[in-house]
Protein chains: 2
Amino acid sequence: MNTLFDDIGEPLARRVGGGLAKIAMVMRHQAWAQGGAHGLTPTQAQVLTLLRGRGALRLSAIADELAITAPTASDAVAALRRKALVEKRRAAEDRRAVAISLTPSGIEAASGLTEWPDVLRAAIEDLSPDEQALLLKMLTKMIRTLQVQGAIPVQRMCAGCRHFRPNVHDDADTPHHCAFVNAAFGNRHLRLDCGDFEAADAAISAANWRQFLSPHRSQENEK
Amino acid sequence: MNTLFDDIGEPLARRVGGGLAKIAMVMRHQAWAQGGAHGLTPTQAQVLTLLRGRGALRLSAIADELAITAPTASDAVAALRRKALVEKRRAAEDRRAVAISLTPSGIEAASGLTEWPDVLRAAIEDLSPDEQALLLKMLTKMIRTLQVQGAIPVQRMCAGCRHFRPNVHDDADTPHHCAFVNAAFGNRHLRLDCGDFEAADAAISAANWRQFLSPHRSQENEK
DNA sequence: GAAAATCATTTAGGACTCCTTATCATTATG
DNA sequence: CATAATGATAAGGAGTCCTAAATGATTTTC
């Protein structure tokens with residue numbers, strides 16, 4: 001079982017990390033190229049995309065979501081305000097805070113951003129649908145781990161959602177269930193940013209997670 | 001077969017891309033945090049790591065590998081030279097070019113960089129070994145696609161190497177073969193940066209690739 | 001209910017990243 | 001040999017990203 005290759009070279013996890021780093025490099029490069037066409041930097045484009053999906057946000061929320069410090073976020077937002085793509089208003093509930101939202105031209109700019117750089121899309125679509133579904137599941141796992149570790153803020157994803165019922169159906173194609181829309185779905189449908197997300201409490205979330213990881217519905221089934 | 005979820009929301013490839021983007025975000029954030037401890041920026045750390053693995057390089061080679069422009073690479077190298085971590089020498093063969101190499105303190109700094117940020121390593125190691133092997137295979141595919149498209153320079157990876165013989169063994173655990181070390185290996189052993197890499201010519205590379213993608217050794221076996 | 005602590009954000013300042021365009025040397029090429 | 005093409009750098013500008021130190025606004029505490 002063990003081969004020559006198991007004992008030499010870098011450990012598997014490190015090689016996987018190296019591969020992810022290369023993908024990340026391409027994404028960063030693409031982000032510059034794509035944003036440049038619209039006169040936007042990667043960070044600015046990210047802010048726009050974030051606001052498009054989430055509506056008005058605090059500065060601190062933007063900083064958290066993008067894993068940057070508040071001053072950096074403030075810089076980026078100021079640049080966008082200069083370009084009249086966002087506007088700042090004092091928040092009603094907490095008048096220390098500001099609510100940042102897209103202007104009409106910001107909405108337009110953000111929608112133009114949706115188009116993905118072809119190179120990366122091609123690389124993803126080169127994988128079979130099954131592989132893509134599997135990859136999505138693995139990414140979900142990794143992101144969940146990062147979230148639990150506190151490396152990124154809570155994501156609005158199926159894992160961690162109150163409505164998520166992993167591996168409750170016998171159909172191998174669509175084993176999961178979403179209680180919100182009351183429908184079965186599969187790994188290929190897993191979401192990383194769902195508008196209907198509601199955080200589950202810790203105990204449920206942890207139980208769900210175990211259920212998601214190991215599809216063996218041993219005890220449950222016998223009842 | 002088709003469910004409600006297939007018709008609403010973003011397409012699978014886009015969600016996968018979104019997941020990769022989140023991972024990329026974490027990596028960038030970690031790169032700042034890790035480099036900061038050594039007084040290095042992410043780009044500088046990348047240059048150091050690259051030189052550690054590859055020895056002396058031209059400036060243009062560094063720029064290509066990191067997917068940045070020559071001026072940017074020049075900036076980063078100049079910053080490293082100021083810190084006495086690299087040295088520049090005119091190349092012997094082409095006196096327009098410079099050969100950039102690590103100084104003793106550069107070697108030391110580069111080896112300190114090897115330690116990965118725990119958060120991401122944990123996220124990868126949270127996947128089962130089988131999943132990691134599968135992920136590595138998918139990353140290999142994606143990187144190969146990017147390489148064929150010209151988005152990144154030729155990588156010194158198994159896919160594309162003269163010594164690679166994909167799916168020639170019946171053993172499901174180690175189906176591939178490396179003619180250089182003359183040993184069987186599996187997906188979990190795939191390399192993205194191998195010192196023994198030698199580029200295969202286009203025809204062989206393409207044939208290998210098809211063989212790698214579809215493990216059905218139909219015709220070959222009957223001979 | 002005024003002083004103190006806390007919070008959300010901004011300023012200030014510095015090192016770099018990244019780009020485009022332009023300028024040198026040096027090889028190639030016709 | 002004169003005209004490309006190439007490898008690297010300079011100049012210049014917008015922006016990223018950080019830490020540390022202000023501002024205001026809002027709670028807390030005595």
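From a predicted model like this one, the values you see are computed outputs, not experimental measurements. Here is the naming used below: chain letters follow the sequence lines, and residue numbers restart at 1 for every chain.
A:T69 has a side-chain polar atom (N or O) that falls below the 4.0 Å cut-off from OP1 or OP2 of D:dC18. Side-chain nitrogen and oxygen atoms of B:T72 include at least one within less than 4.0 Å of the OP1 or OP2 phosphate oxygen of C:dC19. Distances shorter than 4.0 Å separate some side-chain N or O of A:T41 from OP1 or OP2 on D:dT16. In this model, the phosphate group of D:dT26 is approached by a side-chain N or O of A:R95 to a distance below 4.0 Å at OP1 or OP2. Contact annotation: A:T43 side-chain N/O to D:dC17 OP1/OP2 distance is under 4.0 Å. In this model, the phosphate group of C:dA8 is not approached by any side-chain N or O of A:K88 to a distance below 4.0 Å at OP1 or OP2. An OP1 or OP2 oxygen of C:dA8 is reached within less than 4.0 angstrom by no side-chain nitrogen or oxygen of A:S60. Taking only side-chain nitrogens and oxygens, B:Q44 comes nearer than 4.0 Å to OP1 or OP2 of C:dT17.
For B:R90 and D:dA8, the CZ to P distance is 8 Å, given to the nearest whole Å. Spacing between atom CG of B:L80 and atom P of C:dC16 amounts to 9 Å, rounded to whole angstrom units. Rounded to whole angstrom, the span from the CZ atom of A:R81 across to the C1' atom of C:dT9 amounts to 14 Å. A straight line from CH2 of A:W32 to P of D:dA14 spans 13 Å, rounded to a whole angstrom. Atom CD in B:Q30 sits about 14 Å away from atom P in D:dC17, given to the nearest Å. The distance between atom CG of A:L40 and atom P of C:dC18, rounded to the nearest whole Å, is 17 Å.
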B:E198/B:R156 under salt bridge (Lys or Arg N to Asp or Glu O under 4.0 Å): CA gap, chis, key distance, verdict | CA-CA 8 Å; B:E198 288 178 59; B:R156 307 189 307 166; over 6 Å; no
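Residues B:R28 and A:R28 are not in side-chain contact: their nearest non-hydrogen atoms beyond the backbone lie 4.5 Å or more apart.
At a threshold of 4.0 angstrom between heavy atoms, the contacts of A:R82 are confined to the sugar-phosphate backbone, with no base atom among them. In this structure, B:A76 reaches the sugar-phosphate backbone alone: every heavy-atom distance under 4.0 Å involves primed, P, OP1 or OP2 atoms, never a base. Across all strands, A:R28 comes closer than 4.0 Å only to sugar-phosphate atoms, never to a base (heavy-atom distances). Backbone-only engagement by B:D94 is indicated by non-hydrogen atom pairs under 4.0 Å involving sugar-phosphate atoms exclusively.
In this model, a side-chain donor or acceptor of B:R96 finds a partner on the base of D:dT6 within 3.5 Å.
Nearest-nucleotide positions on DNA chain D place B:P71 closer to the 5' end than the other of A:P71 and B:P71. DNA chain C is contacted by both B:A67 and B:A79; B:A79 maps to the nucleotide lying nearer its 5′ end (nearest heavy atom per residue).
Aromatic ring centroids of B:F197 and B:F180 lie 6.0 Å or more apart.
None of B:H176, B:R210, B:H177 except one satisfies the side chain to side chain contact (heavy atoms under 4.5 Å, CB included) rule with B:P166; the exception is B:H176.
A donor-acceptor contact closer than 3.5 angstrom links the side chains of A:R144 and A:S205.
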